[in-house]
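One structure is given here, and the rest of the page talks about it.
The analysis underlying the following values was restricted to heavy atoms, covering all of them including side chains, and did not include hydrogens, waters or symmetry mates. Atoms within each ligand, like the ligands themselves, are counted from 1 in listed order.
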Amino acid sequence: MRKADLHIHTYYSDGRFSPAEIVERAKKRNLAAISITDHDTYEAYEETCEATKDTDIKVIPGAEFTADFEGREVHLLAYNFNPKSTLMLELVDFQRNLREDRAEAMVKQLEQMDVHLSMDDVKEIADGAVISRPHLAVALRNKGYVRHFKEAFYKYLGNDKPGYVKSDHLDVSQIIKKVHLAGGVTSIAHPGRNISTKEIEKMIDVGLDGIEVIHPSHQYAFQKKFEQLADYYDLLKTGGSDFHGRSRMEESQFGIVAINPNWVQQILERRALTVN
Ligand code: AMP
Ligand code: MN
Ligand code: MN
Ligand code: MN
């Protein structure tokens, strides 16, 4: 059966490859559908459509939004919204600015630890992409403050490390509302990492549409748990490889840690049920 990978990053956020390079991989894996879910942007969408135009690969608009849930940062996947919606365009613009301000705050914080990066260093690495911590990690490595990418997170950028700065993100409910108004649906990303059933239930109360059941970090028991939870609440089931192109392991997961087409069909049909 041809599968679908609905969690993929490109160099428009912190992924390594272009949309065209992703589409090449999708062809090799004989995928039926893909969604590029860059952090807080869907700039890759047009190029991805262009690169698939002589294929029968379906491209679903997507993004992975950073959101606040009760004071904690969570990732919310959005699918099948109207990419031309003013609300969505304003949302990604807002998120981009938030990320740039936060990167500046991190640069300042690192400065106090005698680690000298400039915003220009970071922007040069990002090369127009939405700025995220991996760009700072590469800048730290290039300047010799760390030996490798992971060490940058271990020493400075990890969630509990001294260089980390948390942003004042929009609430999960606010993002869900905007995505709905733009005709799309939402799914809580990789809940196996740190999200309880009770927390998912609270998100369902504010309109969450789906759960990311399939993800490389989810062991079989987690997959089953989230699949049952989704079925119980009649939620959508989503999944994908969370490909960033950073390792051979990720290459082996692309289009393999993926979902069946009937789940995709439900995602596409749910939109029609959305009132607004
Ligand atoms: P940001 O969205 O700016 O907070 O950056 C988060 C991104 O950094 C994630 O999507 C991962 O790609 C990457 N990341 C987070 N923690 C680590 C870590 N410990 N090691 C490597 N990459 C990480
Ligand atoms: Mn990432
Ligand atoms: Mn994520
Ligand atoms: Mn991701």
(message) Determine whether H215 and V257 satisfy the following criterion, side chain to side chain contact (heavy atoms under 4.5 Å, CB included), listing intermediate values before the conclusion.
(response) CA-CA 7 Å; H215 185 270; V257 181; 5.7 Å; no

(request) Without swapping roles, check the side chain of S35 against the backbone of T37 for a donor-acceptor pair under 3.5 Å. (result)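 Between the backbone of T37 and the side chain of S35 there is no qualifying donor-acceptor contact (under 3.5 Å).
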
(request) Using modelled atom types only, decide if a donor and an acceptor are shared between the side chain of E212 and the backbone of S187 within a distance under 3.5 Å. (result)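 A pair under 3.5 Å: no.
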
(message) Taking N, O or S atoms only and a limit of 2.8 Å, check whether D242 reaches the Mn ion (ligand 2).
(response)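 False for D242.
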
(request) Would you check if the Mn ion (ligand 2) lies under 2.8 Å from any N, O or S atom of H39? (result)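 For H39, the answer is yes, given that an N, O or S atom comes within less than 2.8 Å of the Mn ion (ligand 2).
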
(request) Could you tell me how the ring of H75 sits relative to the ring of H190: parallel (under 30°), tilted (30 to 60°) or perpendicular (over 60°)? (result)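 Ring orientation of H75 relative to H190: perpendicular.
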
(message) Under 4.0 Å, heavy-atom basis, I'd like to know which part of R246 is in contact with ligand 1: side chain, backbone, both or neither.
(response)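 It is the side chain that touches ligand 1; the backbone stays farther off.
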
(message) Is the contact between Y154 and ligand 1 made by the side chain, the backbone, both, or neither, using heavy atoms and a 4.0 Å cut-off?
(response)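 Contact part for Y154 vs ligand 1: neither.
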
(message) Quick check: of its N, O or S atoms, which one does E64 have closest to the Mn ion (ligand 4)?
(response)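 It is OE1, the N, O or S atom of E64 closest to the Mn ion (ligand 4).
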
(message) Suppose we only allow N, O or S atoms; which atom of H9 ends up nearest to the Mn ion (ligand 4)?
(response)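 So the atom name we want here is NE2.
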
(message) Quick check: of its N, O or S atoms, which one does D14 have closest to the Mn ion (ligand 2)?
(response)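 Of all N, O or S atoms in D14, the Mn ion (ligand 2) lies closest to OD2.
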
So for [X], does at least one of its heavy atoms come nearer than 4.0 angstrom to any atom of ligand 1?
X	value
H9	no
R102	yes
T66	no

(request) Could you find the nearest protein heavy atom to atom 11 (C) of ligand 1 and give me its residue, atom name and distance? (result)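 I find the closest protein heavy atom is D14 OD2, 4.0 Å.
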
(request) Could you tell me the residue and atom name of the protein heavy atom closest to atom 15 (C) of ligand 1, and the distance to it rounded to 0.1 Å? (result)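 The protein heavy atom lying closest is F153 CE2, 3.4 Å.
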
(request) Show your working on side chain to side chain contact (heavy atoms under 4.5 Å, CB included) between F65 and V172 and close with a plain yes or no. (result) CA-CA 9 Å; F65 289 108; V172 162; over 6 Å; no

(message) Is the positively charged end of R25 above the ring of F17, judged by distance under 6.0 angstrom from the centroid and angle within 45° of the axis?
(response)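 Cation-pi check for R25 and F17: passes.
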
(message) Could you check whether K161 makes a cation-pi contact with Y154, meaning its NZ or CZ is under 6.0 Å from the centre of the six-membered ring and within 45° of the ring axis?
(response)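 Here K161 passes the 6.0 Å and 45° test against Y154.
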
(request) Could you grab the distance from atom CG of D242 to atom NE2 of H244, nearest 0.5 Å is fine? (result)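 Between atom CG of D242 and atom NE2 of H244 there are 5.0 Å.
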
(request) May I ask you to list the atoms of ligand 1 that are less than 4.0 angstrom from any heavy atom of H39? (result)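 With H39 as reference, the close atoms of ligand 1 come out as 10 (O).
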
